Structure formats: C-alpha cells, structure tokens
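For reference, the structure is listed below as structure tokens.
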Amino acid sequence: MDILLIGSGGREHAICYGLRKSKLVDNIYCAPGNPGMAEIAECVSIPSDNDSIANFAVEKKVDLVVIGPEAPLCQGVADAVRAKGIPVFGPSGAAARLEGSKDFSKSFMVKYGIPTAAYATFTAKDAAMDYIRREYAAGRGVVVKADGLAAGKGVIVASNEAEALAGVEECFAGAFGAAGSRVVIEELLEGEEASILALTDGRTILPLVSSQDHKRQLDGDKGPNTGGMGAYSPAPVVTGELLAVIQKEVLDNFLRGIQEEKLDYRGIIYAGIMVTKEGPKVLEFNVRFGDPETQAVLTRFDGDLADTLLKTANCELDKAQLIWSPEPAVCVVLASGGYPGAIRKGFEIHGIREAEADGAIVYHAGTALRDGRLVNAGGRVLGVTARGKTLEEAVRKAYDAVGKIHWEGMQYRKDIAHRAFHR
Ligand code: AMP
Ligand code: GLY
C-alpha cells in the first residue's frame with residue numbers, strides 16, 4: 001500500500017519509521033517531511049490547504065492518509081480526504097475541536113463525566129480578573145489558558161495571583177492571536193503527570209502503553225515550559241490499578257461522548273493526565289500523537305503500524321492486535337541554543353551515524369539540509385531514542401548515543417526518566 005503522511009516533526013519521523021517497517025507498505029509520501037524522513041520515504045511539497053492535500057492523495061492513488069499535527073486536523077484535512085473516498089487516520093475537523101478549543105474540550109469532559117479540573121470560560125478581561133481575585137482570596141491557585149491553538153504556548157501555570165492576572169492581560173492583548181480572545185481559567189492541580197494515548201475508530205478504544213513527558217527545559221523540572229524535552233515508556237506512575245480507572249472514567253466516557261455527539265473520530269486521542277490525590281484528572285485532550293511521547297511509545301511497538309492505522313481508519317479496530325515489547329524506551333530531545341526562546345540556528349550537526357551505531361534511533365524534528373550539510377533549523381532538533389532490557393539500560397543507551405552528537409549551542413536534559421528512578 002501507499003501512504004501519505006502529513007507533518008515534519010519528530011513524532012512524524014517516528015510514525016514514518018514504524019510504517020516503513022511494515023511489509024504491507026510500498027511508497028510513503030511525507031508532506032513536507034524532514035531530512036530524517038527523506039532517508040526512508042519520499043518527501044513532497046504540497047500546499048497546505050485541504051483541496052491540495054486531498055487532490056494529491058487522489059492523484060497518487062494512496063491507500064491511506066495519516067495526519068500528524070493538530071493544525072491540519074483542526075483545519076478539516078481529514079474531512080476533505082474522506083470526501084474523496086480515501087481512508088484517513090485522523091479525526092474530523094469537528095472532532096478536532098477537542099484540542100482546538102479548550103472551552104469545547106472542558107464542556108465535553110464535564111458533560112460525559114470525565115474527571116478534570118474545575119474551570120470557567122471568559123470572553124471579557126474584567127470578569128476573568130475578578131474570578132482570579134476571588135479564587136486566590138479563597139486560597140486556590142489557577143492556570144490560565146488561551147482557548148484556541150497556540151502552538152504549544154498559551155498555557156500559564158501561575159505561581160501567584162499577579163502572574164495569573166498578567167496571563168489574562170497577555171491573552172486579551174493578543175499575545176496568542178485569536179486563540180486568546182477567549183480564556184479558560186482552571187483550578188491548579190497538583191500531582192504527577194502521565195500521557196495516555198489511545199486508538200479509537202468510534203466503536204473501540206484501545207490504550208497504547210503509558211508514557212511521561214518532561215515539559216520543563218531544565219533538569220529537575222526547572223525553567224520554562226517547552227514542547228517536551230524527553231519522554232519514556234512505560235510510566236510507573238500509571239499502575240495497572242490506575243490504568244483501570246483511566247479506562248473506565250476517561251476512555252470509556254470519551255468513547256460514549258464522541259458517539260453521542262456524533263463526532264467522526266478515527267485516530268488517536270491523547271489524554272494528558274494529572275495523577276492527583278483524588279485520582280486521575282484530564283489536563284487536556286490532544287487529537288494527535290504526543291511529541292516526544294510517540295518517539296518512546298512507538299519504539300516499543302512490535303505490531304504492524306500500517307495495518308493498525310488502516311484498521312483504525314476503516315473502523316475495524318476490533319480486529320487489530322497491538323503487540324508491545326516489554327522493554328522500556330527513552331527519548332532524549334536535543335534542542336537548539338536559546339530554546340524555548342529565540343533560537344540560534346544554521347549550525348552543522350555532527351555524529352548522527354555514530355550515535356545510531358549501537359542501536360539507538362535518532363528521530364529528526366528541527367533539522368534542514370543547507371548545501372548538503374545537515375544543520376539545526378528549529379527549537380527541538382533531534383529525538384535520540386533507545387530501548388533496553390531495563391529502564392536503566394535504555395537511559396544509558398540513549399545518553400551514550402547523545403554523547404556522540406554535537407552542534408554549536410546544543411542543549412538537553414540529563415535526567416530523562418528521573419521520576420521513575422525516584423519511586
Ligand atoms: P496543556 O497544554 O493544557 O497540556 O498544559 C501544558 C502544561 O501545563 C501541562 O502539561 C501541565 O504541566 C500544566 N497544566 C495544565 N493545566 C493544569 C492544571 N489545571 N493544573 C496544573 N498544571 C496544569
Ligand atoms: N508532549 C506534549 C504534546 O505532544 O502535546
């Protein structure tokens with residue numbers, strides 16, 4: 001079969017790598033892809049509007065379109081391609097609002113009994129400010145979130161009232177564009193986070209193995225929030241007992257919700273979970289694979305990824321078999337100097353071949369080819385991923401590989417998986 005894969009990040013490289021291993025797959029077109037994906041697939045440049053993507057899929061007679069990032073999903077690419085009769089892995093535009101609007105997502109959770117932080121939504125600054133003052137007066141902290149997509153930004157986890165008020169000010173001043181003209185203010189939750197990804201075709205919902213991201217830039221979970229500095233799987237915080245609660249309260253209710261709302265959901269649902277004293281609560285839904293969780297999770301997948309994604313697209317997920325390696329996996333993100341602020345780019349990257357010599361996989365994210373040289377071109381540049389008999393071994397293999405890679409300004413966390421070791 002031939003597949004069109006939309007996206008260009010580390011997540012898409014990991015998906016591409018998984019698809020390449022399938023005996024069912026002939027051609028993989030990546031739009032736009034990245035230099036790492038170009039080594040195992042054909043990168044194509046297609047305008048990003050729905051019609052151009054759908055027409056390309058028709059022209060090339062692809063058998064499946066896989067959509068990686070949230071922006072094309074929210075834009076309705078899945079609907080446009082399905083209208084041409086081609087199977088798509090990815091929810092409809094209407095269903096993608098579960099990520100595209102935090103207010104929509106929260107009201108869905110409340111309606112279907114999915115545990116989540118208490119919240120209120122505002123379209124006027126003064127009312128939002130009053131609400132925050134009342135919350136702090138009552139001894140509660142808050143998180144301020146721009147309603148719409150803000151490219152991983154737009155969430156202010158306030159450490160005090162002044163920061164929360166400044167966050168609201170920022171949203172309404174347009175710091176996150178139209179995404180911030182509506183603001184969700186949430187109860188600040190405490191606990192350990194974990195990511196639960198599940199496949200669903202609207203009839204069946206199947207969780208993948210658990211994982212944990214590292215959102216802060218610096219070791220010890222210090223510094224500013226980022227898109228994710230590393231991940232590992234499984235996350236020991238997700239015990240069998242907790243997973244059973246998540247299945248019942250989050251995943252089963254999610255499935256019931258999309259059925260009752262008649263949302264066409266064939267793809268992956270990502271639940272960002274806070275494990276609180278009262279039990280698991282959903283921080284957010286994403287309508288796509290997580291990045292960098294996917295790099296760790298799919299590295300443990302020993303089934304046929306193309307077959308699994310096609311079955312999801314064709315509403316045959318009940319016939320799919322998810323086969324997982326018991327071996328843990330770790331992904332260490334290598335980022336550009338300056339990230340998550342203004343980055344320094346254009347420096348040649350050395351050592352990827354050497355890093356891969358002992359079995360690590362180096363997924364590309366923010367790389368580019370300039371005059372035949374591989375250079376850093378984005379915030380998160382590479383995801384160095386390894387599997388091991390134990391988590392310790394996976395961590396050691398990943399960091400041994402990291403040690404072979406270099407470019408000017410490269411930075412990374414040295415403590416990926418630390419929470420697993422502190423248990
Ligand atoms: P989100 O984009 O909604 O996942 O938020 C990004 C990060 O902000 C999450 O991964 C959490 O670390 C943090 N966060 C979001 N909502 C809350 C909350 N209600 N309480 C505490 N932390 C939160
Ligand atoms: N790793 C966080 C995300 O993909 O949203």
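Along the sequence shown, residues are numbered consecutively beginning with 1. Note that the coordinates shown come from a computational prediction; the quantities given were computed from them, not determined experimentally. One-based numbering, in listed order, for ligands and for the atoms of each.
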When you measure from [atom] to each heavy atom in [options], which option holds the nearest one?
atom: atom 3 (O) of ligand 1; options: Glu190, Met274, Lys145, Glu99; value: Lys145
atom: atom 18 (C) of ligand 1; options: Thr116, Val144, Val143; value: Val143
atom: atom 21 (C) of ligand 1; options: Asn286, Leu189, Ile273, Asn225; value: Leu189
atom: atom 12 (O) of ligand 1; options: Glu193, Lys215, Arg216; value: Glu193

Hey, does Arg11 sit under 4.0 Å from ligand 2 if you only count heavy atoms?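 Under 4.0 Å: no for Arg11.
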Tell me whether ligand 2 is touched by Gly228 - counting only heavy atoms on the residue side and a distance under 4.0 Å.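 Gly228 does not count as a contact of ligand 2 under the 4.0 Å cut-off.
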Is there a polar contact between ligand 2 and Lys215, counting only N or O atoms under 3.5 Å apart?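 In fact, backbone or side chain, Lys215 has no N or O that close.
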Below the 3.5 angstrom mark, is there an N/O of Glu284, backbone or side chain, next to an N/O of ligand 2? no
Tell me yes or no: between the side chains of Thr312 and Asp201, is some donor less than 3.5 Å from an acceptor?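 No, because no side-chain N or O of Thr312 sits under 3.5 Å from a partner of the opposite role on Asp201.
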Does a side chain donor of either Thr385 or Gln295 reach within less than 3.5 Å of an acceptor in the other side chain? no
With Asp49 via salt bridge (charged side-chain N to carboxylate O under 4.0 Å, His left out) - residues at least two apart: none
Parallel, tilted or perpendicular: ring planes of His422 versus His418, cut at 30 and 60 degrees: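 It falls in the perpendicular class, over 60°.
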Can you tell me if Lys281 has a non-hydrogen atom under 4.0 Å from ligand 1? no
Heavy-atom pair with the smallest gap, counting every atom of Ala41 and Ile28: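 Distance-wise, the nearest heavy atoms are CB-O, 3.4 Å.
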Would Asp130 and Arg133 pass as an ion pair if we require N to O under 4.0 Å? yes
